[in-house]
Novice: 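Here it is, the structure, as structure tokens.
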Amino acid sequence: MSISSEQVTHIARLARLKTDPEKSEHFAKHLSRIMDLVEQMNQIDTDGIEPMSHPQDTALRLREDVVTAKNLREQYQALAPSAQDGLYLVPKVIE
Amino acid sequence: MHQKTIAEHAVCLAKGEYSCVELTEHFLKRIESSSDLNAFITVTDQLAHQQAIQADQIVKAGNAGPLTGIPIAQKDLLCTKGVLTTCGSRILDNFISPYDATVIAKLHDQGMVTLGKTNMDEFAMGSSNETSFYGPVKNPWDLERVPGGSSGGSAAAVAAMLAPVATATDTGGSIRQPAALCGLTGIKPSYGRVSRFGMVAFASSLDQAGVLARNAEDAALVLAAMSGFDQRDSTSLDVPVPDYMASLEDSIKGKVIGLPKEFFGDGVEPDVADAVQASVRELEALGAKTIEVELPNSEVGIPCYYVLAPAEASSNLSRFDGVRYGFRAQEYLDLNDMYEQTRAQGFGEEVQRRIMIGTYVLSSGYYDAYYIKAQKLRRLISDDFTKAFEKCDLIAGPTAPDTAFRIGDKNDDPVAMYLNDIFTNSVNLAGLPGISVAAGMDRNNLPVGLHLIGRYLDESTILNVAHQFQRATDWHLKVPGGYE
């Protein structure tokens, strides 16, 4: 199955990965190869088979609804590229 | 000193033949003189010294356990408090973890000494350790060849005896394939056996941490220390961990080994096939019975895996956005451009490829055709194992279709690289335990791995069979030239 460079540009946009025409062209070639491999799934009929999302195939465990985590905001925000007064700073989004 | 097993070190430490500090310094020196292997991203010499001093006090007080003072190398995917944890990626190039992964905490609680953080394929995506931001790792058996991946740094470190043992992780073969390519014993336990808390996530329904060691006994000791229930991982199993050491010496007489005909067909290099066949005969000589079994859907294991693992990765890796931690691009126009520039500069090519494949198969209009289809195949692949295990106690075959390949050989073709994991990734899809043990050498004096797969939660049987195999053979004792 062939993936075009236009499709790559669209997928990269969804995945928040900067691309340009040359890069999209390059990725299109490899992604097409990978999707050819993926297409081999169709040789097996899976009608009526229940999808399996997880090896344990059970519902996740629940715990008591009580606070257990400590507030480590300062420690964690020390790792941020830009933080101030307990807030993460990002480029301006509203003019 | 470095050729000893963990149990032998424990005896020497107890007798005072050498101290934990001396043992640690010995390995740190070996790491320093073997930096050309590029096995480590960070050497934690100060941490190691502190831990070794504490371990010596515990030994002196007579309170040592089997792992007290034993040095270990940690895969750089496991968060380690106060230590750089990069996951082989530029995007985490400045990430000093504020906490310990449960695996790291458990091993430190046992008195183990962390020598450093090992190199790996970026976000564990690779089978050769060539996708690391920190450069490829070299295989100690031949410096022009890859050590396998993604746990290539851990494998090279243990094979060159820069550490007695190492942690590793396995999403599709990342412990077992490097074990095979470096002549080691590598075990991936059952899904849910080892806590994933503090492991940087790649594909959450497939990831498991395990051990790279020089023999099954060492692997059993360290795996036991890592395993067990953890409240902080919602998929951690609240079941008792068997005493892996207690069953190592059991006879394997009467054990039934299933040989899937799909694992012994074309596509396996003749030297690998011969070594695996010879190993199976060795196991028969030890009293095991062999029968043929079928895994009819194993041929779609790779395509199924390369839908599900990238799908989960595309979701997991969305957290790397240049806002809360890690790398942020220097120049950008606005918030969206900051995300896009950060991620395009922070992730390498293979990681971007897998994020895009995952995004594509989860996108509107393709979800059922790819993602749900792959989940249905996952059920069939898992059911095949269940049926096979009605007739046998474990399954054997080659770990990888070939021995170590040359650095650069498979770089231009991602699909050729993916086929390295043809025998390993169905085991992750089913959540089963698997081990690779050194089982021979090919014509180029490169190690071959024998792969043993167990029933769900039955690590004991594969460790037992691996240990008995190693009592009868000496492949695991072979050492790469120059590292004796």
Side-chain angles (χ1 to χ4, degrees), chain A residues 3 7-8 10-20 23-24 26-31 33-58 60-63 68-69 72 75-83 88-93, chain B residues 95-96 98 191-192 205 231 234-235 237-238 297 299-300 302-304 306-307 314 318 321-328 332 334-341 343-345 347 352-353 355-357 359-361 363 370 372-380 382 413-415 418 429-431 456:
Chain A
I3 292 193
Q7 278 176 295
V8 171
H10 174 65
I11 298 164
R13 166 96 187 111
L14 293 175
R16 295 292 183 270
L17 292 165
K18 187 80 181 171
T19 188
D20 57 44
K23 182 176 165 182
S24 292
H26 174 74
F27 272 88
K29 193 180 83 187
H30 283 156
L31 296 192
R33 282 273 290 135
I34 296 167
M35 290 312 293
D36 283 343
L37 174 80
V38 164
E39 293 293 329
Q40 290 174 17
M41 294 196 303
N42 292 324
Q43 62 190 274
I44 292 178
D45 178 17
T46 51
D47 280 355
I49 306 294
E50 183 68 20
M52 175 175 164
S53 61
H54 203 269
Q56 289 163 343
D57 241 353
T58 53
L60 289 180
R61 188 179 64 244
L62 298 176
R63 64 167 175 82
T68 54
L72 299 171
Q75 199 182 334
Y76 289 169
Q77 288 200 329
L79 298 165
S82 183
Y88 291 103
L89 301 188
V90 296
K92 202 169 174 183
V93 282
Chain B
F95 179 70
I96 309 282
Y191 184 83
S205 80
Q231 190 73 252
S234 60
T235 59
L237 283 175
D238 194 1
N297 296 295
E299 60 179 338
V300 291
I302 290 252
C304 172
Y306 278 97
V307 171
S314 73
S318 65
D321 57 5
V323 174
R324 289 156 299 159
Y325 45 81
F327 168 79
R328 178 187 282 193
Y332 40 82
D334 54 23
L335 178 62
N336 200 53
D337 195 48
M338 189 278 281
Y339 292 147
E340 292 196 345
Q341 297 281 9
R343 289 163 61 80
Q345 293 168 32
F347 293 134
Q352 294 192 48
R353 224 167 7 234
I355 290 173
M356 286 200 239
I357 287 289
T359 303
Y360 181 65
V361 299
S363 65
Y370 295 118
I372 296 296
K373 174 80 184 180
Q375 286 197 333
K376 290 179 173 181
L377 290 172
R378 183 178 191 174
R379 170 90 50 202
L380 293 178
S382 178
D413 184 356
V415 170
Y418 297 170
L429 290 168
Y456 191 50

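Only this structure's heavy atoms are used, side chains among them; waters, hydrogens and symmetry mates stay out. By convention in this document, chain letters (A, B, ...) are assigned in the order of the sequence lines, proteins followed by strands, and residues within each chain are numbered from 1.
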Novice: Against chain B, label A:L89 side chain, backbone, both or neither, depending on which of its atoms sit under 4.5 Å from a heavy atom there.
Specialist: backbone

Novice: Quick one: does A:I11's side chain get under 4.5 Å of B:S363's, heavy atoms only?
Specialist: no

Novice: When only pairs under 4.5 Å are counted, which of A:H26, A:K29, A:R33, A:R61 shares the most heavy-atom pairs with chain B?
Specialist: A:R61

Novice: Examine whether an atom of B:M356 lies under 4.5 Å from a heavy atom of chain A, and if so say whether it belongs to the side chain, the backbone or both; otherwise answer neither.
Specialist: both

Novice: Between chain A and each of B:I372, B:V323, B:I355, count heavy-atom pairs under 4.5 Å; write down the option with the most.
Specialist: B:V323

Novice: Below 4.5 Å, heavy-atom pairs only: which of A:Q77, A:R63, A:M52 has the largest tally toward chain B?
Specialist: A:M52

Novice: Highest number of heavy-atom pairs under 4.5 Å with chain B: which of A:Q75, A:R13, A:Q43, A:Q56?
Specialist: A:Q56

Novice: With side chains defined as the heavy atoms from C-beta onward, is the minimum distance between B:Q231 and A:T68 less than 4.5 Å?
Specialist: no

Novice: Looking only at heavy atoms, which two atoms of A:P91 and B:Y332 are closest? And how far apart?
Specialist: CG-CE1, 3.3 Å

Novice: Just by distance, do the side chain of B:R379 and the backbone of A:P51 share a donor-acceptor pair under 3.5 Å?
Specialist: yes

Novice: Do A:R16 side-chain atoms and B:M338 backbone N/O form a donor-acceptor pair below 3.5 Å?
Specialist: no

Novice: Checking side-chain polar atoms at under 3.5 Å, does A:K18 have a donor or acceptor matched by the opposite partner on B:Q352?
Specialist: no

Novice: With a 4.5 Å heavy-atom cut-off, do A:L14 and B:Y360 have their side chains touching?
Specialist: no

Novice: Walk me through it: do B:Q375 and A:I49 pass the test side chain to side chain contact (heavy atoms under 4.5 Å, CB included)?
Specialist: CA-CA 9 Å; B:Q375 286 197 333; A:I49 306 294; over 6 Å; no

Novice: Using non-hydrogen atoms only, which part of B:T235 is less than 4.5 Å away from chain A: side chain, backbone, both, or neither?
Specialist: both

Novice: I'd like to check the side chain to side chain donor-acceptor pair (under 3.5 Å) partners of B:R328; sequence neighbours left out, ordered by chain and number.
Specialist: none

Novice: If you count heavy-atom pairs within less than 4.5 Å of chain A, which of B:G431, B:A430, B:A344 leads?
Specialist: B:A344

Novice: Does any heavy atom of chain A fall under 4.5 Å from the side chain of B:S382, the backbone, both, or neither of them?
Specialist: side chain

Novice: Please report the interatomic distance OH(B:Y418) to CD1(A:I34), rounded to the nearest 0.5 Å.
Specialist: 3.5 Å

Novice: Evaluate the side-chain proximity of A:L37 to B:I302: yes if any heavy-atom separation is below 4.5 Å, no if none is.
Specialist: yes

Novice: Quick one: CG on B:L377 to CD1 on A:I44, what's the gap to the nearest 0.5 Å?
Specialist: 6.0 Å

Novice: Taking every non-hydrogen pair under 4.5 Å, which of A:V90, A:L62, A:T46 racks up the most with chain B?
Specialist: A:T46

Novice: Is a donor on one side and an acceptor on the other found under 3.5 Å between the side chain of A:Q40 and the backbone of B:V300?
Specialist: no

Novice: Are the side chains of B:D413 and A:H30 in contact, using a 4.5 Å heavy-atom criterion?
Specialist: no

Novice: Between B:Y370 and A:E39, do the side chains contain an N or O donor and an N or O acceptor separated by less than 3.5 Å?
Specialist: yes

Novice: Looking only at heavy atoms and a cut-off of under 4.5 Å, which of A:P55, A:S82, A:A12, A:A15 has the most pairs with chain B?
Specialist: A:P55

Novice: Answer whether the closest heavy-atom distance between the side chains of B:R324 and A:Y76 falls below 4.5 Å.
Specialist: no

Novice: Compare all side-chain heavy atoms of A:M41 with those of B:K376 and state whether any distance is below 4.5 angstrom.
Specialist: no

Novice: Does the side chain of B:K373 come within less than 4.5 Å of A:N42's, by heavy atoms?
Specialist: yes

Novice: Quick check on B:D337 against chain A: is it the side chain, the backbone, both or neither that has a heavy atom closer than 4.5 Å?
Specialist: side chain

Novice: Does atom NE2 of A:H10 have more than 12 heavy-atom neighbours, drawn from other residues, nucleotides or ligands, at distances under 6.0 Å?
Specialist: no

